[in-house]
Structures are given as C-alpha cells and as structure tokens.
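Here the structure is laid out as structure tokens; the discussion comes afterwards.
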Amino acid sequence: MYVDNTKASARKPVTVPGLHTMKAEGRKIVMLTAYDASFAVQVEQAGVDIALVGDSLGMVIQGHRSTLPVTLDQMAYHTSAVARGLSATLLITDMPFMADRDVAYALEAGARLVGEAGAAMIKIEGAAPHILESIHALTERAIPVCAHLGLTPQSVHKFGGFKIQGRAQDAADRVVSEALAVQQAGADLLVLEGVPTTLGERVTKALHIPVIGIGAGPHCDGQVLVIYDMLGITPGKRPKFSKDFLAGRASIGDAIEAYVADVRNGTFPAAEHGFN
Ligand SMILES: Nc1nc(=O)c2c([nH]1)NC[C@@H]1CN(c3ccc(C(=O)N[C@@H](CCC(=O)O)C(=O)O)cc3)CN21
Ligand SMILES: CC(C)C(=O)C(=O)O
Ligand SMILES: [Mg+2]
C-alpha cells in the first residue's frame, strides 16, 4: 500500500537517542496510540513524536473488557499497518499478555514485532525478574525497550480492576525501585500509568531515561493517551485522566494538533487529570 505522507516526511525523524536529548533539554515528549495506517498518517502529520500500537486495541477495537485476549499475531498485524503510515514518527508496539512469559518467548516476540512488522521499540509491562532479564536480553540484541509500570493493565486480575497504584508509602517506594531496576536493565523509556501525581514527579526526577505519563500527573517528561479517548469515541466510560480534544474542533487533525500543543506547552494534563 502507498500512503501519501509527504507533508510529514519533511520532519526530522524521532529517534531513541533523540528522546534522551528531549528530556535533557526539558522538551515534552508527545505519544499517542494508533492502530491502523490512516490514523498513523493523522498522528504523524499532527507532529506526534511517538506512535504506540497499544494492546488497548483489544478493548477499543475488539471490544474486550481487558487487554489480555490480544495475540502476538494481532499486534504484528496492526504494527505493520501503522508502520506503512509513518515515516518520521518513532513506532513502539506493546508486548502482548504472556508473549514475555520467559526470555526466549520475549526475544521471539521482539524479533517478529521489530523485524517483521516494523516497530522500532517494544513496550513491556512490569519489573518481575524475568521481565528485567528480557529487557536486558532485547536491549543487548539492539531492540530498544520501553518499560511500563504503575497501573499495568495486563495485571488487571492481580489488581482487582484498573486501580490507581502506588498510593501507600511502601507501594510508592516499590514503584520507584522498579523504575530504577528497569532503567538499570537497559530500558530507554518508561511509561508510568495510573499513579498519584507526587509519585509521577518522584519517578521522573529519579530516572535519567524519559518518563511518559498517563494518569501520572503533569510532571512527567511526556504524555500518552489512547487516540479513541482523545477523540471522544471510546464507547462507555473514559478514564478520568483522558480528555476529549475533538470537542469544539472541526477535524481529527485539529484535535491531534491541539493535544500535541497542549502537551508541549504544559497545559495537558491539568491538575484535574491527575490522582492524589
Ligand atoms: N480506552 C482506553 N483507554 C485507556 O487509557 C486504556 C484502555 N482503554 N485500555 C487499557 C488501559 C486500561 N486503562 C484504564 C482504564 C480505566 C481506568 C479507570 O477507570 N480508572 C479510574 C481510577 C480508579 C481509582 O481511583 O483507582 C478512573 O477514575 O479513571 C484506568 C485505566 C488505561 N488503558
Ligand atoms: C495506554 C498505553 C500506555 C498502552 O499501553 C496501550 O494503549 O495499550
Ligand atoms: Mg498497553
């Protein structure tokens, strides 16, 4: 398939080393999910830095109640579609549930998502010993890893729902230790989801790698949202930390551009999008 994305291809490509520079220079990083080629083009033309093929697609596209039913084949399929729509945007794909059950599986999955489907980086939830080993093993093989901590949706059954994490002092300390551990294991980026604003700030200051927040307050190095949430088309209840950017705007392109501008200038997320 040929995607005409000439407008955006003039932009300098976003790279993993480039993200580290952005943190060092205090420039906010903008990330947004995309699940198909057409939205990928919209995301790139609006100037988003990172497109994420999230396993949230199991909920917003497939209609499941969690991200657990999503398969590696499905992640590879959506990743290859999104990759065709991008030329300058960094592409990250989620490791689906249990595709990282041990290091050998994680390497196999990484090889497919990067080598076959076209992702530049793989996002993995948690900091269990086998996850730290997998982060190290992938990084050693030149597959950059984005860690994901806090409210990790693949642990929904362990948490008893999509519940804010790290509210108690010991739980907050644990998230900070996990963040240091994934950085030590070789992660180049961290998504921090569903934690109190104070903990979002603490983790961001503790790490030298960039921290991308979602429901983690305004102090992170960047932000991510599910695209259907920020376009107001997620069926049912939208998470409190999201915002409808299409409301009062004329097009999807305008809505994504407003999201990019608001993250860059620090107006999104506001205090009301965070948790205590
Ligand atoms: N559409 C969509 N948006 C998302 O952000 C998202 C997904 N799907 N699927 C995967 C995960 C699940 N996520 C969620 C979903 C719901 C809440 C939620 O309702 N949280 C409560 C907080 C409850 C508490 O205080 O502990 C909220 O009020 O937002 C949080 C994260 C984030 N991710
Ligand atoms: C919400 C983001 C961080 C995610 O993991 C997803 O879309 O699956
Ligand atoms: Mg995910």
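Computed over heavy atoms, backbone and side chain alike; hydrogens, waters and symmetry mates excluded. Because the structure is a prediction, the values reported are computed rather than measured. Note that ligands are numbered from 1 as they come in the structure, with each ligand's atoms numbered from 1 the same way.
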Looking only at the side chains, is there a donor atom on one of [X] and [Y] sitting less than 3.5 Å from an acceptor on the other?
| X | Y | answer |
| --- | --- | --- |
| R11 | T89 | yes |
| T234 | D229 | yes |
| T267 | N265 | yes |
| E125 | S155 | no |
| D100 | H130 | no |
| Y105 | S134 | no |

(request) For ligand 1, would you mind listing the residues that have at least one heavy atom less than 4.0 Å away, ordered by chain and number? (result) S56, M59, V60, T67, L151, P153, F162, K163, I164, R167, E193, I214, V226, D229, T234, K237, P239, K240, F241, F275
(request) Sequence neighbours left out, what passes side-chain hydrogen bond (donor to acceptor under 3.5 Å, both in side chains) with H148? Give chain and number order. (result) K123, E193
(request) Indicate yes or no: does R202 engage D173 in a salt bridge with an N to O separation below 4.0 Å. (result) yes
(message) Any salt bridge linking R112 with E108? Criterion: basic side-chain nitrogen under 4.0 Å from a carboxylate oxygen.
(response) no
(request) Answer yes or no: are there more than 12 heavy-atom neighbours, outside Q184 itself, under 6.0 Å from its atom CD? (result) no
Residue pair [X] / [Y], side-chain heavy-atom distance below 4.5 Å:
| X | Y | answer |
| --- | --- | --- |
| V176 | L199 | yes |
| M22 | D49 | yes |
| L57 | M75 | yes |

(request) Return the set of protein N, O or S atoms whose distance to the Mg ion (ligand 3) is under 2.8 Å, each given as residue and atom. (result) D55 OD1, D94 OD2
Give me the pairs of N or O atoms, one from ligand 2 and one from the protein, that sit under 3.5 Å apart.
{"from": "ligand 2", "atom 1": "5 (O)", "to": "D94", "atom 2": "OD2", "distance (Å)": "3.3"}
{"from": "ligand 2", "atom 1": "5 (O)", "to": "K123", "atom 2": "NZ", "distance (Å)": "2.7"}
{"from": "ligand 2", "atom 1": "7 (O)", "to": "S56", "atom 2": "OG", "distance (Å)": "2.6"}
{"from": "ligand 2", "atom 1": "8 (O)", "to": "D55", "atom 2": "N", "distance (Å)": "3.1"}
{"from": "ligand 2", "atom 1": "8 (O)", "to": "D55", "atom 2": "OD1", "distance (Å)": "2.9"}
{"from": "ligand 2", "atom 1": "8 (O)", "to": "S56", "atom 2": "N", "distance (Å)": "3.0"}
{"from": "ligand 2", "atom 1": "8 (O)", "to": "S56", "atom 2": "OG", "distance (Å)": "3.3"}
{"from": "ligand 2", "atom 1": "8 (O)", "to": "D94", "atom 2": "OD2", "distance (Å)": "3.0"}

